[in-house]
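Okay, so here's the structure we're looking at.
All chains are named by letter (A, B, ...) in the order of the sequence lines, taking the proteins before the strands, and each is independently numbered beginning at 1.
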There are 2 protein chains.
Amino acid sequence: MDNPLPAAARALRAAGHRLTRARLAVLQVLEAEHAGLSPQELYERGRAIYAPLGLVTVYRTLALLDELGLVRRVHSDQERHAYACAGADRHHLLCSGCHRLVEFPCQGLDELVASVQARTGYRITEHLLELTGLCPACQATGGPADPTPHHPAPRGA
Amino acid sequence: MDNPLPAAARALRAAGHRLTRARLAVLQVLEAEHAGLSPQELYERGRAIYAPLGLVTVYRTLALLDELGLVRRVHSDQERHAYACAGADRHHLLCSGCHRLVEFPCQGLDELVASVQARTGYRITEHLLELTGLCPACQATGGPADPTPHHPAPRGA
DNA sequence: GCATAACTGAAAACGGTTGTCAACAAGGGG
DNA sequence: CCCCTTGTTGACAACCGTTTTCAGTTATGC
Ligand SMILES: [Mn+2]
Ligand SMILES: [Mn+2]
Ligand SMILES: [Zn+2]
Ligand SMILES: [Zn+2]
């Protein structure tokens with residue numbers, strides 16, 4: 001069980017924060033699941049690693065990681081937000097069927113951002129890009145095979 | 001006071017929904033402010049137009065408009081979500097100084113979306129693009145140019 | 001006008017998130 | 001290695017945006 005320290009853990013220390021068991025557990029879960037997890041899910045999985053972990057600490061850890069840019073908040077249309085490991089040029093692809101979240105590398109956005117910057121005079125420092133659609137699996141099964149669809153009905157009667 | 005019916009109002013009717021005073025008030029506010037407003041703000045401004053308006057109805061109206069694609073939910077890093085008129089190829093530019101929200105037309109995203117679609121096998125149906133930065137005014141003053149026009153002090157004003 | 005179902009507003013419930021605070025432990029200094 | 005300092009934690013409760021409930025109202029077709 002001698003996992004090498006996640007890069008994020010080193011970044012935490014470098015920023016002057018303490019490397020606690022709780023934070024390590026959250027980081028470990030985030031790293032294992034390379035997609036979006038809600039604070040509640042992180043809490044549940046985190047307790048498997050470090051039993052005394054508290055939900056409140058998960059929230060606080062996520063806020064800290066978000067501040068440091070190590071994690072990204074994902075805005076699905078569901079009630080709770082999700083968090084996923086952040087990376088340069090990594091954005092999120094959300095399946096409207098199974099609600100699974102994956103990352104995809106994206107080039108060509110810088111160009112667009114530069115264009116908007118030039119046109120509007122804004123100095124743009126951050127961007128959020130989320131694409132929504134049906135994953136291959138959900139396309140195969142013929143649509144949302146999911147218990148909690150977000151928008152009521154796709155049209156089509 | 002014979003305002004022409006907002007296009008959104010006609011869309012509502014076309015989709016088989018009733019054109020109520022409450023809904024008209026919300027639409028009127030949304031149209032007047034061409035940027036993001038929280039449900040609470042919509043409620044307050046809406047009551048100036050139609051006094052008996054209820055906050056719950058604002059939520060319900062926004063959900064309906066969102067379903068019909070007439071409004072778009074904006075995910076700022078603040079607690080409350082905002083809603084803004086939706087349009088094709090219109091995305092949002094958020095100032096981190098004054099929190100003002102403006103729309104910008106965007107070309108060149110379809111290409112990017114098509115590329116991701118081809119690479120991942122997802123059938124992409126929606127996209128959310130939000131850029132964050134400093135507006136020209138806030139760059140000039142080195143901070144909030146204007147004391148938070150869109151996000152007034154929450155409590156006890 | 002009338003009937004009827006869609007819609008509304010008030011109040012209460014709900015649930016994700018945040019604040020509080022005493023106990024704890026990470027990490028530097030001795 | 002132990003101690004100290006202070007950042008951090010976890011339980012509990014408050015908070016607050018959002019949703020549900022439900023009886024009364026209203027838009028709309030006839
Ligand atoms: Mn959001
Ligand atoms: Mn677009
Ligand atoms: Zn899927
Ligand atoms: Zn600004």
Side-chain angles (χ1 to χ4, degrees), chain A residues 5 9-27 36-44 46-47 49-68 71 73-83 99 148-152, chain B residues 5 9-27 36-44 46-68 71 73-83 151-157:
Chain A
L5 273 200
R10 247 167 300 140
L12 261 189
R13 286 263 53 212
H17 299 279
R18 291 187 182 170
L19 215 49
T20 66
R21 305 249 258 145
R23 285 171 179 170
L24 276 172
V26 172
L27 284 175
L37 288 174
S38 68
Q40 182 67 40
E41 287 166 332
L42 275 160
Y43 169 55
E44 283 157 16
R47 276 197 302 184
I49 296 171
Y50 177 58
L53 179 65
L55 176 58
V56 178
T57 299
V58 173
Y59 276 100
R60 283 188 291 228
T61 301
L62 288 172
L64 178 60
L65 294 175
D66 188 29
E67 238 172 67
L68 297 175
V71 105
R73 192 186 202 185
V74 179
H75 304 260
S76 72
D77 287 337
Q78 316 203 171
E79 280 117 53
R80 11 206 199 53
H81 284 133
Y83 291 81
H99 289 160
T148 52
H150 128 40
H151 281 332
Chain B
L5 273 200
R10 246 167 301 139
L12 262 190
R13 285 262 54 209
H17 299 281
R18 293 187 180 171
L19 214 48
T20 66
R21 305 249 257 146
R23 284 172 180 170
L24 276 172
V26 172
L27 284 175
L37 289 174
S38 69
Q40 182 68 38
E41 288 166 331
L42 275 159
Y43 168 56
E44 282 158 17
R47 274 198 303 185
I49 296 172
Y50 177 58
L53 179 65
L55 176 59
V56 179
T57 299
V58 173
Y59 276 101
R60 281 187 292 227
T61 300
L62 288 171
L64 178 60
L65 293 174
D66 187 29
E67 240 172 66
L68 297 174
V71 105
R73 193 187 203 184
V74 178
H75 305 261
S76 71
D77 49 358
Q78 317 206 171
E79 280 116 53
R80 308 209 261 295
H81 282 134
Y83 291 81
H151 295 276
R155 305 227 146 276

N or O in side chain of [X] less than 4.0 angstrom from [N] OP1/OP2:
{"X": "A:Thr20", "N": "D:dT9", "value": "yes"}
{"X": "A:His81", "N": "C:dG16", "value": "no"}
{"X": "A:Thr57", "N": "D:dG10", "value": "yes"}

Whole angstrom is fine here: how far is it from [atom1] in [X] over to [atom2] in [N]?
{"X": "B:Arg80", "N": "D:dC15", "atom1": "CZ", "atom2": "P", "answer": "16 Å"}
{"X": "A:Leu24", "N": "C:dG27", "atom1": "CG", "atom2": "P", "answer": "9 Å"}
{"X": "B:Arg60", "N": "C:dG9", "atom1": "CZ", "atom2": "C1'", "answer": "7 Å"}
{"X": "B:Leu53", "N": "D:dT26", "atom1": "CG", "atom2": "C1'", "answer": "15 Å"}
{"X": "B:Tyr43", "N": "D:dT18", "atom1": "OH", "atom2": "P", "answer": "15 Å"}
{"X": "B:Tyr59", "N": "C:dC14", "atom1": "OH", "atom2": "P", "answer": "18 Å"}
{"X": "A:Arg23", "N": "D:dT9", "atom1": "CZ", "atom2": "P", "answer": "4 Å"}
{"X": "A:Leu42", "N": "C:dT17", "atom1": "CG", "atom2": "P", "answer": "11 Å"}

Inset, instruction - Heavy atoms only: give me the nearest B:His81-B:Pro39 pair and the separation to one decimal. - result: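 Scanning both residues completely, I find the closest heavy atoms to be O-CD, 3.5 Å.
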
Inset, instruction - Please name the residue in the list A:Leu37, A:Val26, A:Val56, A:Leu55 that meets the side-chain contact (heavy atoms from CB on, under 4.5 Å) test with A:Tyr43. - result: A:Leu55

Legend entry - 5' priority, DNA chain D, between B:Leu19 and B:Arg73 [closest heavy atom]: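 The 5'-side residue here is B:Arg73.
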
Legend entry - Residue mapping more 5' on DNA chain D - nearest nucleotide basis, B:Val56 or B:Arg18: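 It is B:Val56 whose nearest nucleotide is closer to the 5' end.
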
Inset, instruction - Verify, without hydrogens or angle tests, whether A:Arg23 (side chain) and A:Arg18 (backbone) share a donor-acceptor contact under 3.5 angstrom. - result: yes

Legend entry - Over 12 foreign heavy atoms within 6.0 Å of CZ, B:Arg21: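 No, not enclosed.
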
Legend entry - More than 12 heavy atoms of other groups within 6.0 Å of A:Arg47 CZ: yes

Inset, instruction - Scan B:Arg13 against the nucleic acid and name what it touches under 4.0 Å (heavy atoms): base, sugar-phosphate only, or nothing. - result: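 It contacts sugar-phosphate atoms only.
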
